[in-house]
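In this text the structure is predicted, and so the values were computed from the model without any measurement.
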Amino acid sequence: MITPPETSEFGPSYAAYIALVPGTDIVKTVAAQGDEAAAYYVSLTEEQGGLSYAPGKWTIKQVLGHVIDTERIISYRALRIARGDQTNLPGFEQDDYVAAANSNARTMADLAAEFKAVRHATGLLLKSFPDEAWQRRGFANNTEVTVRALAYILTGHEINHRTILKERHLPR
């Protein structure tokens, strides 16, 4: 069982994401939460996918593209650190990634399928880590972080964005 990280395992800016993650076993949570999120994304229509909650804000399609990209980046960081890589892994400019991804030209069904595939791959990656890998420390964007913290961060990141979609983009 991979329990939540201690505050010494990540930078303060990630605390809010980690706090959103339910449960006490991140490997199980990633799978369950991924299924829940994929079902939500599949339920969204093409019209909804083009909505943003304010001028200049990302559309739902762009948010989902961002979630997919970020999950790939964070899981890559987890892989490298789990393997003992001590390279300071670079950050990324999320707005540049969103602009280059061209998510608005894709269908919601395609984006949802990609999210599901990426989350499945993330789950398999996390399952593959030996016990000792979870506490390994490395650096990402000049911040020391553990593999365990990265797993919680990527999960909380998706929860955060899905919550924003529900509350701001598509309030009931």
Side-chain angles (χ1 to χ4, degrees), residues 2 10 13-23 25-82 89-129 140-141 145 147 149-172:
I2 310 304
F10 56 89
S13 62
Y14 296 111
Y17 289 151
I18 291 168
L20 293 173
V21 181
D25 184 343
I26 194 61
V27 174
K28 289 180 181 176
T29 301
V30 162
Q33 182 256 344
D35 289 342
E36 176 186 322
Y40 175 72
Y41 298 131
V42 165
S43 77
L44 299 177
T45 67
E46 283 303 306
E47 182 182 349
Q48 290 171 320
L51 297 175
S52 66
Y53 67 86
K57 295 296 183 181
W58 295 341
T59 66
I60 290 174
K61 287 181 179 183
Q62 289 172 316
V63 170
L64 184 50
H66 164 72
V67 167
I68 293 165
D69 282 352
T70 302
E71 180 141 340
R72 282 189 170 119
I73 290 166
I74 295 175
S75 62
Y76 174 70
R77 290 173 176 174
L79 170 67
R80 288 188 61 175
I81 294 169
L89 303 171
F92 69 102
E93 177 48 57
Q94 65 183 11
D95 290 321
D96 292 345
Y97 273 58
V98 168
N102 201 24
S103 296
N104 284 332
R106 297 176 62 191
T107 66
M108 279 305 299
D110 185 48
L111 287 162
E114 184 177 357
F115 170 80
K116 189 172 183 176
V118 169
R119 177 49 63 95
H120 180 72
T122 298
L124 293 173
L125 175 66
L126 297 179
K127 284 182 190 177
S128 78
F129 291 158
N141 200 22
V145 66
V147 172
L150 288 167
Y152 276 83
I153 291 165
L154 73 85
T155 306
H157 177 261
E158 188 284 323
I159 293 168
N160 177 67
H161 280 291
R162 188 163 24 108
T163 300
I164 291 169
L165 293 182
K166 290 177 179 179
E167 293 176 356
R168 295 184 190 169
H169 286 82
L170 300 169
R172 304 237 181 236

- Task: Go through Tyr40 and Leu165 one step at a time and tell me if the side-chain contact (heavy atoms from CB on, under 4.5 Å) criterion holds.
- Result: CA-CA 10 Å; Tyr40 175 72; Leu165 293 182; 4.0 Å; yes
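- In this structure, Asp110 CG and Ser103 OG are separated by 9.5 Å, a value rounded to the nearest 0.5 Å.
- Atom CZ of Phe92 sits about 9.0 Å away from atom CG of Asn141, to the nearest 0.5 Å.
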- Query: Are Thr163 and Leu20 close enough, and set up right, to give a side-chain contact (heavy atoms from CB on, under 4.5 Å), and what steps lead you there?
  - Reply: CA-CA 10 Å; Thr163 300; Leu20 293 173; 5.8 Å; no
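- Between Ile164 and Val63 the shortest side-chain heavy-atom distance does not fall below 4.5 Å.
- Judged by distance alone, with hydrogens and angles left aside, the side-chain atoms of Glu36 form no donor-acceptor pair with the main-chain N or O of Gln33 at under 3.5 Å.
- Contact between His169 and Ile60 at its shortest, heavy atoms only, is CD2-CG1, 3.6 Å.
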- Item | Worked check of side-chain contact (heavy atoms from CB on, under 4.5 Å) between Met108 and Leu64 | CA-CA 9 Å; Met108 279 305 299; Leu64 184 50; 4.2 Å; yes
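- In terms of heavy atoms, Asp25 sits closest to Tyr152 at N-OH, 4.1 Å.
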- Message: I'd like to know whether Arg72 forms a salt bridge (Lys or Arg N to Asp or Glu O under 4.0 Å) with Glu114, so could you lay out the CA-CA distance, the side-chain angles of the two residues, the decisive distance to 0.1 Å, and finally the verdict.
- Response: CA-CA 11 Å; Arg72 282 189 170 119; Glu114 184 177 357; 2.7 Å; yes
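- Between Val67 and Glu158, the shortest heavy-atom distance links the atoms CG1-CG, 3.7 Å.
- Nearest heavy atoms, Ile159 versus Pro22: CD1-CD, 3.9 Å.
- Applying ring-ring contact (aromatic ring centres under 6.0 Å, His included) to His66 and the options Trp58, Phe115, Tyr97 leaves one that passes, Trp58.
- Contact between Ala109 and Glu46 at its shortest, heavy atoms only, is N-OE2, 4.0 Å.
- Side-chain contact, Arg80 with Tyr76: a donor N or O sits under 3.5 Å from an acceptor N or O.
- Counting heavy atoms of neighbouring residues, nucleotides and ligands inside a 6.0 Å radius, atom NE2 of His161 exceeds 12 of them.
- A side chain to side chain contact (heavy atoms under 4.5 Å, CB included) with Leu150 is found for exactly one of Ile74, Leu79, Thr155, namely Ile74.
- Here the straight-line distance linking atom CZ of Arg162 with atom OH of Tyr41 works out to 5.5 Å at 0.5 Å rounding.
- Atom CD of Glu93 is surrounded by more than 12 heavy atoms from other residues, nucleotides or ligands within 6.0 Å.
- For the side chain to side chain contact (heavy atoms under 4.5 Å, CB included) test with Arg119, the passing option among Ile68, Asp35, Leu154 is Leu154; the others fail.
- Distance check: Lys28 NZ to Lys127 NZ gives 10.5 Å after rounding to the nearest 0.5 Å.
- The nearest pair of heavy atoms linking Ile18 to Ala149 is CD1-O, 4.4 Å.
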